[in-house]
Amino acid sequence: MTHLEELLAVAPSRISEAMTIAELDALDAEFVGRSSAIAAARRSLGEIADGAERGLAGKSINQIATQISALLDARRSDLLGAQESRRLSEDAVDVTLPGRRIPRGTHHLVQSTMDEIVDIFVGLGYTVATGPEAETEYYNFTALNIPRTHPSRLESDTLYLDYGGKKDEVLLRTHTSPMQARYMEKHDPPTFVVVPGRVFRSDAVDATHSPVFTQLEGLAVDTNITLADLKGTLASFAQQFFGTDTKVKFIPHYFPFTEPSAEMHAYTNGRWIELLGCGMVNPAVFENVGYDPAVYTGFAFGMGMERMAMVRHGITDLRTLLASDRRVLEQYR
Ligand code: DAH
């Protein structure tokens with residue numbers, strides 16, 4: 001057996017053992033490359049003097065080279081095919097797998113309650129305004145006829161801000177009522193406005209208190225507005241929000257900015273429950289904002305959104321609304 005025939009004998013098993021393209025490239029160089037035994041044999045053909053003999057030798061070298069090249073090519077295409085199918089299977093996407101769902105967000109119950117109540121008043125012809133949460137003592141108290149000595153002005157009730165060096169001038173509004181005065185200063189009657197917003201009090205959190213909560217203020221001013229308008233409007237609100245058969249009653253109360261003043265109670269879930277404060281706008285407030293109390297009358301009301309949500313849904317602890325517990329939130333999508 002010539003040297004090249006020996007090569008041809010070992011080539012198939014060596015080639016089939018090549019597991020990578022790089023290994024195969026090395027074999028390619030070794031078997032048929034420029035410094036291979038085959039290339040050397042070709043180069044030494046010139047040393048054979050006899051033409052016929054040289055032709056035969058050349059033919060046999062070519063045969064061996066062709067066979068080895070064919071083995072290399074076949075192995076190469078096997079390896080490339082395997083590489084490709086490995087890549088495909090690694091890239092494979094199982095389109096039948098269920099996707100990862102992004103949980104759907106939702107408004108908090110207090111926000112959706114507020115949106116719904118605002119909508120009810122918009123339906124009754126009211127516009128919507130908002131005011132600052134950091135408020136001056138003037139709008140929060142003085143403009144609303146709340147006397148200098150009123151206990152609600154104390155630091156035990158009101159959170160004062162250290163703002164601009166003037167003590168006790170700026171505070172976190174304790175109710176949305178200051179917007180009554182701000183709005184009337186800027187708008188002539190007829191005035192029909194509701195003001196949703198966050199309010200702040202110096203209270204610790206418990207089942208019925210929170211230092212931050214949400215109110216909706218309402219104000220209606222025109223010529224000839226009467227207590228009957230107040231009662232009709234607020235009864236209509238209660239029936240739209242709590243159900244058409246909701247009964248309401250008005251119990252005399254005191255607020256400095258309304259005269260007379262009342263609490264509206266509603267009969268829901270088998271009992272009477274206090275819902276909101278209201279009254280006929282005190283002429284002193286009209287004087288403060290430049291409305292002529294001889295010409296205009298009006299009513300005002302203020303209600304807590306957390307309270308409305310709690311009454312409607314039978315929630316007994318305010319902290320339920322503060323905790324952001326998904327088990328609670330998901331019930332009120
Ligand atoms: N501002 C009152 C409070 O926070 C609620 C209120 C009562 C608002 C009577 C009014 C009103 O407009 O007329 O307790």
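First listed ligand is number 1; within each ligand, the first listed atom is number 1. Quick note: residue numbers are just sequence positions, from 1.
Protein heavy atom nearest atom 8 (C) of ligand 1, with residue, atom name and distance: Gly302 N, 3.3 Å.
Of the options Gly277, Pro178, Pro256, the smallest heavy-atom separation from atom 9 (C) of ligand 1 is shown by Gly277. By heavy-atom distance, the residue among Gln180, Glu217, Met280, Arg201 lying nearest atom 3 (C) of ligand 1 is Arg201.
At least one N or O atom of Phe301, backbone or side chain, sits closer than 3.5 Å to an N or O atom of ligand 1. Residue Ala300 has at least one nitrogen or oxygen atom sitting less than 3.5 Å from a nitrogen or oxygen atom of ligand 1, judged on distance alone. For ligand 1, the polar-atom distance check finds an N/O of His175 within less than 3.5 Å of one of the ligand's N/O atoms.
For ligand 1, the atoms closer than 4.0 angstrom to any heavy atom of Ser177 are 1 (N), 8 (C). Atoms of ligand 1 found under 4.0 Å from any heavy atom of Gly279 (numbered from 1 in listed order, with element): 13 (O). The contact set between ligand 1 and Phe255, taken as ligand atoms under 4.0 Å from a residue heavy atom, comprises 7 (C), 9 (C). Atoms of ligand 1 found under 4.0 Å from any heavy atom of Gln215 (numbered from 1 in listed order, with element): 3 (C), 4 (O). Close contacts between ligand 1 and Thr258 involve ligand atoms 13 (O) [criterion: under 4.0 Å to a heavy atom].
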### Task
Check step by step if ring pair (Phe, Tyr, Trp, His ring centres under 6.0 Å) holds for His313 and Tyr332.
CA-CA 10 Å; His313 297 286; Tyr332 302 106; 4.8 Å; yes
### Message
Between Arg312 and Glu116, does the side-chain contact (heavy atoms from CB on, under 4.5 Å) criterion hold? Intermediate values first, please.
### Response
CA-CA 12 Å; Arg312 189 199 220 181; Glu116 199 179 318; 2.6 Å; yes
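Between the side chain of Arg54 and the backbone N or O of Leu45 there is no donor-acceptor pair closer than 3.5 Å. Listed for the Gln331 side chain is a donor-acceptor partner under 3.5 Å among the backbone atoms of Arg327. Proximity of a side-chain donor or acceptor of Asn282 to a complementary backbone N or O of Val285 within less than 3.5 Å is not detected. Of the possible polar contacts, none joining the Asp325 side chain to the Thr320 backbone as a donor-acceptor pair under 3.5 Å is found.
Residue Phe257 places a heavy atom less than 4.0 Å from ligand 1. Distances from ligand 1 to the non-hydrogen atoms of Met303 include no value under 4.0 Å. Look at His253 and you'll find every heavy atom at least 4.0 Å from all atoms of ligand 1.
Residues Ser60 and Leu4 fail the side-chain proximity criterion, which asks for heavy atoms closer than 4.5 Å. With a 4.5 Å cut-off on side-chain heavy atoms, Asp292 and Phe286 do not count as touching.
Side-chain heavy atoms closer than 4.5 Å link hydrophobic residues (I, L, V, M, F, W, Y) into clusters, and following such links, even through other members, never connects Phe213 to Ile117.
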